[in-house]
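Here is the structure we will look at, set down as C-alpha cells.
Reminder, nothing fancy here: chain letters follow the sequence lines and each chain counts from 1.
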Protein chains: 2
Amino acid sequence: MNEKVISIGTVRELTGLTERQIRYYEEKQLIFPYRSRGGARKFSFEDVERLKVIHTKMKDGFRTYDLRRSAASLLKFDSGRS
Amino acid sequence: MNEKVISIGTVRELTGLTERQIRYYEEKQLIFPYRSRGGARKFSFEDVERLKVIHTKMKDGFRTYDLRRSAASLLKFDSGRS
DNA sequence: CGTGTAAGGAATTCTGACACG
DNA sequence: CGTGTAAGGAATTCTGACACG
C-alpha cells in the first residue's frame, strides 16, 4: 500500500492526530507525502501507520530529532507491525 | 483494500475517467462511495478497479442498466483480475 | 519544542440544470 | 442514454504567523 492518495483530513480521522501535528511531522522530515497539483498533501496507508508509530514514540518522550535519526528503524518497526 | 478514503479527483487520475462519468456511474448504482461529513465522495482501491471494469464494459456497448443487473459478476470479474 | 489557533486565499467537490443526440 | 459544461455555493487544504512554555 504505497500509493499516496489519502488527503490530510482523512489521515486525521485515520490516525486521530490533528492536521497541525501531521504537517509538523512532515516539516521535521518524519513523513513525506506526495503533493497534488494544487499543493494538497497525499498520503499512503503506510504513511498512516508510520504516523501512528511516530505519535506513539512522541508520547514516549522521543523528540522529532531522535526519530529522524532512526527513521529507517522507524519504518522497519512500522512495516514489522501491521 | 476496502477502505473508502480516495477523493474523486484522485480517482479521476487513477482511472482516467472524468468526474462526470464517475458521478453518473454512482447515480446508476454501479458504484457506492462513502460520503464524508462535508458530502465529498470517498472511494476504495476496489472501487477504482471496479470503475475501470465498468468503463471497459461501457466501451464494449453495455448500458448502465445491463451492468447494474450483473453487478455481482462485475464485482467478481473485478477481484478476479488485479 | 510541539502544538493550538485565527487569517486570507486557492483548490476541490457538490448539486441541479441545460445541451446534444 | 451517457457525457460535457457553466454556475454558485460549501467544504477542504495551504502557508506564515503569533502564542505558550
field: Carboxylate-amine/guanidinium contact A:Glu19 A:Arg23, below 4.0 Å
entry: yes
Salt bridge present between B:Arg35 and B:Glu26 (N-O < 4.0 angstrom): yes
Send over the distance from [X] [atom1] to [N] [atom2], rounded to a whole Å.
X	N	atom1	atom2	value
A:Arg12	D:dC14	CZ	C1'	14 Å
B:Ile54	D:dT3	CD1	C1'	15 Å
A:Leu30	C:dG2	CG	C1'	12 Å
A:Ile31	C:dG2	CD1	C1'	17 Å
B:His55	D:dT3	NE2	C1'	11 Å

- prompt: Side chain of B:Gln21, backbone of B:Thr18: donor and acceptor closer than 3.5 Å?
  reply: yes
- prompt: Would a 4.5 Å heavy-atom cut-off, applied to side chains only, mark A:Phe45 and B:Glu3 as touching?
  reply: yes
Side chain proximity check, B:Tyr25 to B:His55, heavy atoms < 4.5 angstrom: yes
Where is the tightest heavy-atom contact between [X] and [Y], given as atom of each residue plus distance?
X	Y	value
A:Val11	A:Val48	CG2-CG2, 4.3 Å
A:Ile22	A:Phe43	CG2-CZ, 3.5 Å
B:Leu30	B:Arg68	CD2-N, 3.4 Å
A:Ile6	A:Ser44	CD1-C, 4.1 Å

field: Six-ring centre of A:Tyr34, A:Lys42 cation under 6.0 angstrom, axis tolerance 45°
entry: no
field: Stem regions touching DNA chain D, defined by at least 3 consecutive Watson-Crick or wobble G-U pairs below 3.5 angstrom
entry: C:2-5 with D:17-20, C:17-20 with D:2-5
task: Select from B:Thr10 and A:Met58 the residue whose nearest nucleotide in DNA chain C is closer to the 5' end of that strand.
output: A:Met58
- request: Using heavy atoms and a sub-4.0 Å distance, could you list which residues of residues 16-28 of chain A are near DNA chain C? By number, please.
  value: A:Thr18, A:Arg20, A:Gln21, A:Tyr24, A:Tyr25
field: Residue-level proximity of residues 35-42 of chain B to DNA chain C when a heavy atom falls under 4.0 Å
entry: B:Arg35, B:Gly39, B:Ala40, B:Arg41
query: Where the side chain of A:Ile8 is concerned, which of D:dC14, C:dT3, C:dT13 is the nearest nucleotide?
result: D:dC14
- request: Sequence neighbours left out, what passes salt bridge (charged side-chain N to carboxylate O under 4.0 Å, His left out) with A:Lys4? Give chain and number order.
  value: A:Asp47
- request: Under the salt bridge (charged side-chain N to carboxylate O under 4.0 Å, His left out) rule, collect the residues that match up with B:Arg63, sequence neighbours excluded.
  value: none
message: Check the phosphate of C:dT12 against B:Ser7, side-chain N and O only, distance under 4.0 Å to OP1 or OP2. Yes or no?
response: no
Could you pull out the protein-nucleic contacts involving nucleotides 6-8 of chain D (nitrogen or oxygen on both sides, under 3.5 Å)?
none

Inter-residue atom distance B:Asp60.CG - B:Asp66.CG, 0.5 Å rounding: 12.0 Å
